[in-house]
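Structure record follows, encoded as structure tokens.
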Amino acid sequence: MTEMARYRYRVFIEKLGWNLPCEHALEYDQFDREDTLYVLARDDDGQIVGTARLLPTTRPYLLADVFPELLNGMPAPESAEVWELSRFAAMDFSQADCNPLSQVSSRVAVELLNAALACAGEHGARRVVTVSPLGVERLLRKAGFRAHRLGPPIAVDGSPIFACSIPVPEHCVADLYPPVWFPQGLGLKPLLHRAAQHVAGVPALA
């Protein structure tokens with residue numbers, strides 16, 4: 001968990017400039033719990049180059065508790081068939097050009113998202129919801145994901161964000177690259193991607 005929290009700090013605090021309370025250069029929040037699932041991508045050297053967090057909507061989660069206004073007055077999903085994807089990023093800090101706003105549809109990001117969807121599906125999800133910057137919507141669709149808005153974008157700290165829903169496909173690319181997911185308490189286990197070492201970075205989902 002410490003290694004992942006340090007990676008998240010580098011991505012979300014140092015690179016993206018999010019204003020989040022952190023200590024000791026580690027990024028955790030109230031949604032990092034014992035029932036939280038994580039999917040990680042590592043390069044050939046074992047370094048984290050991507051992370052995704054999955055939360056059941058039957059427990060407190062980011063969209064419902066922090067950004068309910070993004071639902072445009074609709075009730076927040078609360079179902080075993082709906083999970084939330086958050087803290088998603090694929091950024092390789094070993095690359096010279098580590099730009100979080102480039103290569104959102106990179107192969108490692110697509111594989112990581114597929115793996116996260118497969119993980120959610122294995123736990124009963126039919127779709128995932130997420131909060132992300134507005135520019136990610138077009139790039140998700142370009143990468144082949146059917147993202148549907150849950151409400152109009154809203155400016156938060158000067159930047160437009162929106163909530164969307166992504167269906168869990170019956171057959172994921174993750175079938176070719178089997179994912180590894182784990183509860184917080186079981187320690188880190190890697191999700192290996194053949195293309196991980198070739199990717200500089202992508203915009204992050206909250």
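Being a predicted model, the structure only gives us computed values, none of them experimental.
Here the closest non-hydrogen pair linking P167 and H148 is CD-CD2, 4.4 Å. Listed here is the closest heavy atom pair of L71 and A76: CD1-CA, 3.5 Å. For the pair G151 and N72, the tightest heavy-atom approach, listed with the atom from each and the gap, is CA-CB, 4.1 Å. For W83 against A125, the heavy-atom pair with the smallest separation is CD1-CB, 3.5 Å.
Counting heavy atoms from C-beta outward, P153 and I161 have side chains that stay 4.5 Å or more apart. Using a 4.5 Å heavy-atom cutoff, the side chains of L113 and L85 are in contact. Contact check for I154 versus F67: no side-chain heavy atoms found under the 4.5 Å cut-off. Residues F162 and S132 are in side-chain contact: their nearest non-hydrogen atoms beyond the backbone lie under 4.5 Å apart. With a 4.5 Å cut-off on side-chain heavy atoms, V39 and T51 do not count as touching. Within the 4.5 Å cutoff, side-chain heavy atoms of Y38 are placed close to those of D32. L70 places a side-chain heavy atom less than 4.5 Å from the side chain of V131. Within the 4.5 Å cutoff, the side chain of V128 has no heavy atoms near those of the S165 side chain.
At least one donor-acceptor pair closer than 3.5 Å links the side chain of T36 to the backbone N or O of F31. Between the R141 side chain and the A147 main chain, a donor and an acceptor come within less than 3.5 Å of each other. Using modelled atom types, one side-chain atom of N114 and one backbone atom of V110 make a donor-acceptor pair closer than 3.5 Å. Under a 3.5 Å cut-off, the side chain of Y7 and the backbone N or O of V49 do form a donor-acceptor pair. When atom types are taken as modelled, the side chain of D45 and the backbone of Q47 share no donor-acceptor pair closer than 3.5 angstrom.
Note that CD of E23 is 11.0 Å distant from OH of Y28, once rounded to the nearest 0.5 Å. Expressed to the nearest 0.5 Å, how far CZ of R42 lies from CD1 of I48 amounts to 4.5 Å. Residue L150 holds its CG atom at 9.0 Å from CE of M74, rounded to the nearest 0.5 Å.
Environment of CD in Q30: crowded, with over 12 heavy atoms of neighbouring residues, nucleotides or ligands closer than 6.0 Å.
Salt-bridge formation is detected for the pair E27/R87: a Lys NZ or Arg NE/NH1/NH2 atom is positioned less than 4.0 Å from an Asp or Glu carboxylate oxygen. Ion pairing between a basic and an acidic side chain is recognised when a charged N comes within 4.0 Å of a carboxylate O; E81 and R127 show no such pairing. Of the charged side-chain nitrogens involved, at least one lies within less than 4.0 Å of a carboxylate oxygen, so that R53 and D29 count as a salt-bridged pair.
At a threshold of 4.5 Å between side-chain heavy atoms, the hydrophobic network of Ile, Leu, Val, Met, Phe, Trp and Tyr places V156 and L134 in two separate groups.
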| request: Under the side-chain contact (heavy atoms from CB on, under 4.5 Å) rule, what do M91 and V11 come out as? Steps first, then yes or no, please. | output: CA-CA 7 Å; M91 191 181 302; V11 171; 3.9 Å; yes

| said: Set out, in order, the CA-CA distance, both residues' side-chain angles and the distance that settles side-chain contact (heavy atoms from CB on, under 4.5 Å) for T130 and C164, then state yes or no. | reply: CA-CA 6 Å; T130 189; C164 71; 3.5 Å; yes

Determine all donor-acceptor pairs shorter than 3.5 Å in which one atom belongs to a side chain in residues 54-63; sequence neighbours excluded.
{"residue": "T57", "atom": "OG1", "partner": "S79", "partner atom": "N", "Å": "3.0"}
{"residue": "T57", "atom": "OG1", "partner": "S79", "partner atom": "O", "Å": "2.9"}
{"residue": "T57", "atom": "OG1", "partner": "V82", "partner atom": "O", "Å": "2.7"}
{"residue": "R59", "atom": "NH1", "partner": "D35", "partner atom": "OD2", "Å": "3.0"}
{"residue": "Y61", "atom": "OH", "partner": "P77", "partner atom": "O", "Å": "2.5"}

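Of the options R149, R146, K142, a salt bridge (charged side-chain N to carboxylate O under 4.0 Å, His left out) to E137 is made by R149 and by none of the others.
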